[in-house]
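Atoms considered below: every heavy atom in the structure, side chains included; atoms not considered: hydrogens, waters and symmetry mates.
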Amino acid sequence: MSNKLFVILKKCAIISEVKKRGSVNMEIRNIAIIAHVDHGKTTLVDELLKQSGTFRENESVDERVMDSNDIERERGITILAKPTAINYKNYRINILDTPGHADFGGEVERIMHMVDGVLLVVDAYEGVMPQTKFVLKKAMEAGKKPIVVINKIDKPSARPKEVIDEILDLLIELDASEDQLDFPVVYASALNGTSSMNEDVSTQEHTMDYIFNLIINEIPAPCTDSESPLQFQPALLDYNDYVGRIGVGRVARGTMKLNEMVSCVRLDGSIKKFRIQKIYGYLGLKRIEVTEAHAGDIVAISGLPDLEVGETICTEGKEEALEPLRIDEPTLQMTFGVNTSPFAGKEGKFVTASKIEERLRRQAESDVSLKIKENDAESFIVSGRGELHLSILIENMRREGYELQVSKPEVILKEIDGKICEPYEDVQIEVPEENVGSVIEALGRRGGTMETMNNLPGIVRLNYIVPSRGLIGFTTDFMAMTKGYGILNHTFREYLPKVDADVGERSLGVLVSMENGKTTAYALGALEDRGVMFVEPGVDVYEGMVVGENNRENDLAVNVVKGKNLTNTRSAGKDHTVVLKKPRVLTLEYALEYINNDELVEVTPLNFRIRKKILNTEERKKFDARKNK
């Protein structure tokens, strides 16, 4: 059999598998998996896929198959909500794997109308965490029935009874209905592929059938009205260079057919007619083309270049819009600009303002939580849901060959009832008892207000309300304070009146290069007493580049390229090899947290550098003198 024929037959087999559910929509179940970061939801999806028979026996499958891009795999987090489908017995189970981090909460809230229930995964030891509350709140508001999976039940420190009580308390706090409060519980170890209806670890069986059966029996079937006029609302966006913008959503009612002329009811009420060019269904990890989709199906469509989240696709002449989807506004913004340092254009492939703008606009095509606004001819204000949201974008651009400079993250202020308000966050911290004092002191300086303080075995759990700008740069200090043993989680709470005090500013000054050239061991050795260096010998630097942290509050201009004077007179004492301390390594997240308002981070495919906005030493001194008058 030729390779071409084999590919055609394989594709036909996949398409027939997608259609195999028959015409009875009662056999469909749509469910979202939600959890706090690192509570094991992506690993659980892995096991559900494997044990459902979705993969062939000889098919090679990676771990965390749903984390499809490089950054998701490296960081072990889910960034984008992704659909998959499982065939189990006579049921098609559509599963949406969602991000657990609040910065990507826009992905979670938009998919809730696509599903009829949620699988809440909670760590058997950590229990309810801030982002558990965040994602569960979205599900409860949408009236979805939860199934609770107590994961990592095999941990020696597991405390399932207490965790279930915490979940119940949280549901009551979120005004859950009686039906939602009567949630079924299954105990599992996703890593081992085991589950049970009993909290006793010895009852665990190597099967996910208990979870499958709960989904089938507890989650209601979707609407089966395939005869009425079409209604389809995209909740997620994707982009493809060949077909353009792709909208992912659930067919609310009716039937959608390939090449059919339909109407799009826009958010402003206008109507745009277009032809459906592609319909994609899901099976396992595959997205394959289908010719039609029925009520209850989760599919992706293309054909309208400017399709937006929340718009409604309807049968031509029978336009009836669904309720628009609510999307939380961005809370943080940064300025992305063309690199203006002396090293501009040396390391990047895409360096012009037009290329940077094109890339940012393309990102906004698929990420509706991201807002782009032109600042001037060579810079753009980019607004997102948090530091992680924006740093992931910068990291992706850097890997693609872009070179740019970015400013310090700033919170977005709003005027509410005549008052200037800023975003506040719920913060939950777990620290060893010996570090509690320093953490409380640090959060007090950053405008934090303590709500509760609980003693757990060996650790203390603190709950705070903190202004978002007070958390910028706090992660690095927190990890240093707790020697890496602390756990910090935070999620957006609400906008409250702005605090006048300066919070979140760096307390120490920096060492700034006053010359261009290569750093020398001689110069760095002489400056070690002044602070901590960011560079090592033999590194190219320029005037205005930050090369270290000062021990004092003020900035200090230093010469790091100075060489040792050479004479033809031999010294009596033998020269000794200069032994320098290891410099502090700059990562993107650290640099963004570290900088002050008068500094920028230069990002290239090869390096991260911190620089002053005003590079010339004398001009910077004059500017500071005028500012301090």
Side-chain angles (χ1 to χ4, degrees), residues 337-352 378 398 401-408 506 508-552 554-571 573-588 590-592 594-596 598-625:
V338 174
N339 187 11
T340 57
S341 85
F343 294 168
K346 291 185 176 181
E347 298 172 358
K349 182 179 176 184
F350 306 108
V351 298
T352 62
E378 295 199 331
R398 182 185 78 85
Y402 287 84
E403 188 175 298
L404 65 156
Q405 61 188 26
V406 295
S407 70
K408 180 183 177 67
R506 187 182 65 228
L508 295 175
V510 288
L511 305 175
V512 188
S513 175
M514 57 192 296
E515 300 286 345
N516 300 326
K518 279 189 185 295
T519 56
T520 64
Y522 175 75
L524 294 175
L527 292 169
E528 276 197 329
D529 291 342
R530 296 284 191 176
V532 180
M533 305 308 298
F534 295 160
V535 293
E536 54 189 15
V539 173
D540 288 315
V541 297
Y542 53 82
E543 183 181 8
M545 177 174 159
V546 174
V547 293
E549 181 179 78
N550 194 5
N551 288 334
R552 301 177 183 275
N554 62 303
D555 294 341
L556 185 66
V558 296
N559 186 349
V560 289
V561 302
K562 182 179 179 183
K564 186 175 182 182
N565 290 330
L566 301 177
T567 67
N568 56 6
T569 305
R570 188 170 295 179
S571 60
K574 184 181 178 182
D575 283 345
H576 294 283
T577 303
V578 177
V579 180
L580 298 174
K581 296 174 185 174
K582 194 172 180 65
R584 184 179 295 170
V585 178
L586 286 182
T587 63
L588 176 60
Y590 178 79
L592 292 176
Y594 186 81
I595 60 174
N596 272 346
D598 64 336
E599 295 160 354
L600 299 167
V601 178
E602 179 185 351
V603 180
T604 77
L606 302 179
N607 289 293
F608 303 115
R609 302 182 184 97
I610 297 176
R611 50 158 286 189
K612 290 291 184 179
K613 287 182 178 178
I614 303 173
L615 295 177
N616 184 275
T617 305
E618 293 303 319
E619 288 182 13
R620 200 166 57 249
K621 286 180 179 176
K622 290 176 184 176
F623 178 81
D624 290 341

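- For the pair I614 and E619, the tightest heavy-atom approach, listed with the atom from each and the gap, is CG2-CB, 3.9 Å.
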* Give the C-alpha distance, both sets of side-chain angles, the deciding distance and a yes or no for side chain to side chain contact (heavy atoms under 4.5 Å, CB included) between V547 and V558. => CA-CA 9 Å; V547 293; V558 296; 4.0 Å; yes
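- Between D598 and R620 the shortest side-chain heavy-atom distance does not fall below 4.5 Å.
- In this structure, the side chain of T519 does not engage the main chain of V561 through any donor-acceptor pair within 3.5 Å.
- Looking at V510 and D555, their side chains come closer than 4.5 Å, going by heavy atoms from C-beta outward.
- Contact of the L600 side chain with the S407 side chain is registered, since non-hydrogen atoms from C-beta on lie closer than 4.5 Å.
- Heavy-atom minimum distance, A523 versus K562: CB-O, 3.5 Å.
- Between V406 and L592, some side-chain heavy-atom pair lies under the 4.5 Å cut-off.
- Here the closest non-hydrogen pair linking N551 and D529 is ND2-O, 2.9 Å.
- The main-chain N or O of G544 is never found under 3.5 Å from a side-chain atom of K612 such that the two would form a donor-acceptor pair.
- By the 4.5 Å heavy-atom criterion applied to side chains, T604 and K346 are not counted as neighbours.
- Among all heavy-atom pairs drawn from M533 and L524, the shortest one is CE-CD2, 3.5 Å.
- Shown are V601, T340, V541; of these, the side-chain contact (heavy atoms from CB on, under 4.5 Å) with R611 is made only by T340.
- Evaluation of the ring pair (Phe, Tyr, Trp, His ring centres under 6.0 Å) test over residues 527-549, restricted to residues two or more places apart or in two chains, returns F343-Y542, F534-Y594.
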* Going through the distances and angles, do L508 and N550 end up as a side chain to side chain contact (heavy atoms under 4.5 Å, CB included)? -> CA-CA 6 Å; L508 295 175; N550 194 5; 5.8 Å; no
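- Residues V351 and E403 approach most closely at CG1-CB, 3.8 Å, considering heavy atoms.
- Closest of all the heavy-atom pairs between V338 and T352 is CG2-C, 4.1 Å.
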* To do: Report the C-alpha separation of E515 and V560 in whole Å, then their side-chain angles, then the decisive distance to 0.1 Å, and conclude whether the side chain to side chain contact (heavy atoms under 4.5 Å, CB included) test is met.
  => CA-CA 8 Å; E515 300 286 345; V560 289; over 6 Å; no
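- Within the 4.5 Å cutoff, side-chain heavy atoms of V535 are placed close to those of M545.
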